[in-house]
Amino acid sequence: MALSISQKIIASHLVSGEMIPGSEISVKIDQTLTQDATGTMAYLQLEAMGIDRVKTEKSVAYIDHNTLQSGFMNADDHRYIQTVCKKHGIYCSKPGNGICHQVHLERFGIPGKTLLGSDSHTPTGGGIGMLAMGAGGLDVAVAMGGGAFYLIMPKIVGVKLTGKLPKMVSAKDIILKVLQIMSVKGGVGKIIEYYGDGIKTLSVPERSTITNMGTELGATTSVFPSDEITRQFLASQGRENDYTELLPDDGFIYDENIEIDLSSLVPLAACPHSPDNVVPVSELAGMKIDQVCAGSCTNSSYADMQKLAAILKGNTVAENVSMTVSPGSKQVFAMMARSGALADIIEAGARVLECACGPCIGMGQSPNSAGISLRTFNRNFEGRSGTADGQVYLVSPETAAASAIKGVMCDPRELDVEINIINPEKYDINDNLIIPPAENGDDVEVVRGPNIKPFPVGDALPKSIEKPALLKVGDNITTDHIMPAGAKILPYRSNIPHLSKYCFEAVDNAFPNRAKAAGGGFIIGGENYGQGSSREHAALVPLWLGVKAVIAKSFARIHKDNLINSGIIPLTFKNPRDYDLIEQGDVLCLKHIRAEIEKGENVNIYDKTKNMKIELLCEISDRQASILLAGGKLNYTKGN
Ligand code: MIC
Ligand code: SF4
């Protein structure tokens with residue numbers, strides 16, 4: 001049988017299940033990555049599971065999100081991560097070394113391997129033919145301990161690229177086009193594989209921009225073949241030995257097909273507040289802008305930075321615009337300095353930030369009130385920038401730089417500049433900020449600061465639950481809505497009680513107190529509940545506030561897993577129209593919930609306020625049912 005690229009990787013890593021779309025499988029994980037905002041929790045869980053030494057081929061902890069140190073909290077967490085890594089066999093990439101996905105691609109990713117990361121943009125690794133997936137920290141901790149990763153076998157969507165990109169149109173415009181076609185929930189339960197002659201025109205950094213932002217489709221992951229271009233990239237990173245060719249078999253038939261002629265693409269922009277709200281930049285041309293931020297794990301490669309520099313060179317950022325540039329890694333940053341690109345960027349008046357996530361996760365650089373901010377990032381969810389009414393547009397580096405100097409949204413094809421960026425034959429390699437683990441961790445002392453508080457662990461599922469509907473929300477609720485990030489809150493990622501004060505802050509700031517007063521209850525959600533980040537805090541914090549179940553029209557993959565891992569039941573409406581029947585405040589009763597989950601039956605909920613019964617589905621595997629019955633994955637793992 002002809003196999004696709006990801007099917008080949010799955011087949012060679014399959015631990016259980018059959019590769020039938022929709023059924024549960026598990027795969028062996030070769031590599032893991034964590035970042036600090038999810039990593040602290042993942043390592044606390046690793047310790048709680050009693051895992052002495054990681055069993056993966058390579059596990060790396062990156063410190064890239066919480067790099068602002070306006071109190072002791074982040075610095076304490078950095079110390080904790082660095083020491084816990086040293087003890088348990090994990091490499092630690094120090095702050096200043098760069099954004100996890102960029103550094104992992106440069107220094108560690110290997111075609112054909114599986115990578116599980118506690119960050120939703122882990123699929124960046126698909127740019128070199130890895131099966132790279134995001135997951136909650138607990139799933140990553142289990143994988144570090146040698147446990148398999150469970151997922152629903154996805155369908156395979158083929159995106160055939162033909163032709164060649166026109167001048168000033170770039171990889172970002174390709175993925176924005178795919179988002180326009182498929183929407184933010186179009187990729188749920190699917191892997192996106194790119195093929196066709198057009199891929200031969202795309203370098204690894206360009207391919208990785210596409211697989212990175214494939215996350216915004218809700219896809220399990222996105223993958224490019226590993227071919228001559230991959231070999232050249234690995235060779236330029238001094239890692240040619242890591243190369244293996246990985247192509248789809250001739251005659252493989254994709255479950256769905258999309259075809260894009262690259263030569264027909266134009267510069268695109270995702271308008272507020274969703275990455276699939278895509279229009280041609282030309283339609284927005286002339287719109288006055290306030291801020292431009294370049295960087296993030298989507299567009300911070302050396303080539304992206306060189307493009308910015310080429311456009312900014314000899315120009316000045318418009319007086320109404322504040323522009324920031326965050327290089328993706330120390331390697332990129334140092335090479336920009338050596339090539340002179342950094343000087344061109346500084347000279348033009350851009351504000352150069354450290355190589356970290358920075359403004360992408362609201363760590364500084366929030367726009368002015370109602371400010372229009374153009375960002376080369378991957379998410380423009382409402383409030384994510386740190387300014388509640390900020391208007392974020394997602395664009396390519398070319399559009400960002402052109403608009404920065406014009407002061408208005410500008411189609412970069414209008415500029416009179418030639419940019420011809422050639423990827424370096426040899427990148428400058430210096431891994432001095434990657435701390436290897438101790439050979440024998442026994443003597444290493446793990447340092448814990450006062451910011452680290454115990455995390456909540458669920459209780460075994462009771463026979464029945466009667467509680468109020470604490471909150472009713474609409475479609476596409478993101479994890480940024482459920483558990484916001486940003487400079488004010490991120491330092492408390494290892495302090496769930498403190499974080500709980502901000503749960504659903506932008507939606508309804510009375511929620512935390514209401515939940516506590518009621519002794520917990522239910523959340524009612526629409527389609528694609530929990531899209532976006534892998535942060536398990538969006539489950540752990542509701543757990544701490546007493547949330548027992550979320551009843552939604554549909555769920556995003558990682559968040560659904562995180563709810564189950566925390567012992568919160570993810571339920572869907574059998575008839576989605578029943579969503580309209582339940583109102584916030586209704587008292588709901590799951591009379592036989594334990595028995596229903598045990599037997600794998602449909603779940604009935606009684607709305608006592610309305611005196612009616614509503615049929616729900618609990619679409620989970622037997623293994624997930626056992627996790628829920630145990631009150632979450634930690635209890636389940638300890639009990640097995
Ligand atoms: C994000 O882009 O939202 C983050 C911050 O990288 C998250 C992880 C987190 O919340 O810590 C992600 O994408 O998973
Ligand atoms: Fe960091 Fe932003 Fe990438 Fe998340 S999306 S990993 S916050 S750069």
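Residues: numbered from 1 along the sequence shown. All ligand and atom numbering here is 1-based and tracks the order in the structure. Remember, it's a predicted structure, so these values are computed and weren't measured experimentally.
- Among protein heavy atoms, atom 2 (Fe) of ligand 2 sits closest to C360 SG, 2.3 Å.
- With respect to D77 and R493, no salt bridge is recorded, no charged nitrogen being found less than 4.0 Å from a carboxylate O.
- Using a 4.0 Å cut-off between heavy atoms, D119 contacts ligand 1 through both its backbone and its side chain.
- Using a 4.0 Å cut-off between heavy atoms, H537 makes no contact with ligand 1 at all.
- Nearest-residue assignment for atom 8 (C) of ligand 1 (options M363, R535, Q35; heavy-atom criterion): Q35.
- Atom 1 (Fe) of ligand 2 has as its closest protein heavy atom C357 SG, 2.3 Å.
- Contacts of D119 with ligand 2, taken as heavy-atom pairs under 4.0 Å, involve the side chain alone.
- Of the heavy atoms in N212, none comes closer than 4.0 Å to ligand 2.
- Distances from ligand 1 to the non-hydrogen atoms of R379 include at least one value under 4.0 Å.
- The proximity of R384 to ligand 1, defined as any non-hydrogen pair under 4.0 Å, is limited to the side chain.
- When only modelled atom types and interatomic distance are considered, H101 and N212 share no side-chain donor-acceptor pair under 3.5 Å.
- Residues E536 and S566 bring no donor and acceptor atom of their side chains to less than 3.5 Å of each other.
- Checked by atom type, the side-chain pair R379/S120 shows a donor-acceptor distance below 3.5 Å.
- Each of the atoms 9 (C), 10 (O), 11 (O) of ligand 1 lies under 4.0 Å from some heavy atom of R493.
- Closest to atom 7 (C) of ligand 1 among all protein heavy atoms lies S533 OG, 3.2 Å.
- Atom 13 (O) of ligand 1 has S120 OG, 2.5 Å as its closest protein atom, hydrogens excluded (heavy atom only).
- Between K633 and D139 a salt bridge is recorded (basic side-chain N to carboxylate O distance below 4.0 Å).
- Atom numbering of ligand 1 starts at 1 in the shown order; those under 4.0 Å from a heavy atom of A37 are 11 (O).
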**OP:** Give the C-alpha distance, both sets of side-chain angles, the deciding distance and a yes or no for salt bridge (Lys or Arg N to Asp or Glu O under 4.0 Å) between K185 and D276.
**Re:** CA-CA 9 Å; K185 48 180 200 286; D276 61 358; over 6 Å; no
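- For S118, no nitrogen or oxygen atom sits less than 3.5 Å from a nitrogen or oxygen atom of ligand 1, counting backbone and side chain alike.
- Between D173 and the options L268, V395, V278, a side-chain contact (heavy atoms from CB on, under 4.5 Å) holds for only L268.
- Under a 4.0 Å criterion applied to the non-hydrogen atoms of H65, ligand 1 contributes the atoms 4 (C), 5 (C), 6 (O).
- Distance from atom 8 (S) of ligand 2 to its nearest protein heavy atom, with residue and atom name: C297 N, 3.3 Å.
- Close approach of ligand 1 to S534 (heavy-atom distance below 4.0 Å) involves ligand atoms 12 (C), 14 (O).
- Not less than 6.0 angstrom separates the ring centroid of F381 from the ring centroid of H481.
- Counting backbone and side-chain atoms alike, H65 contributes no N/O/S atom closer than 2.8 Å to atom 2 (Fe) of ligand 2.
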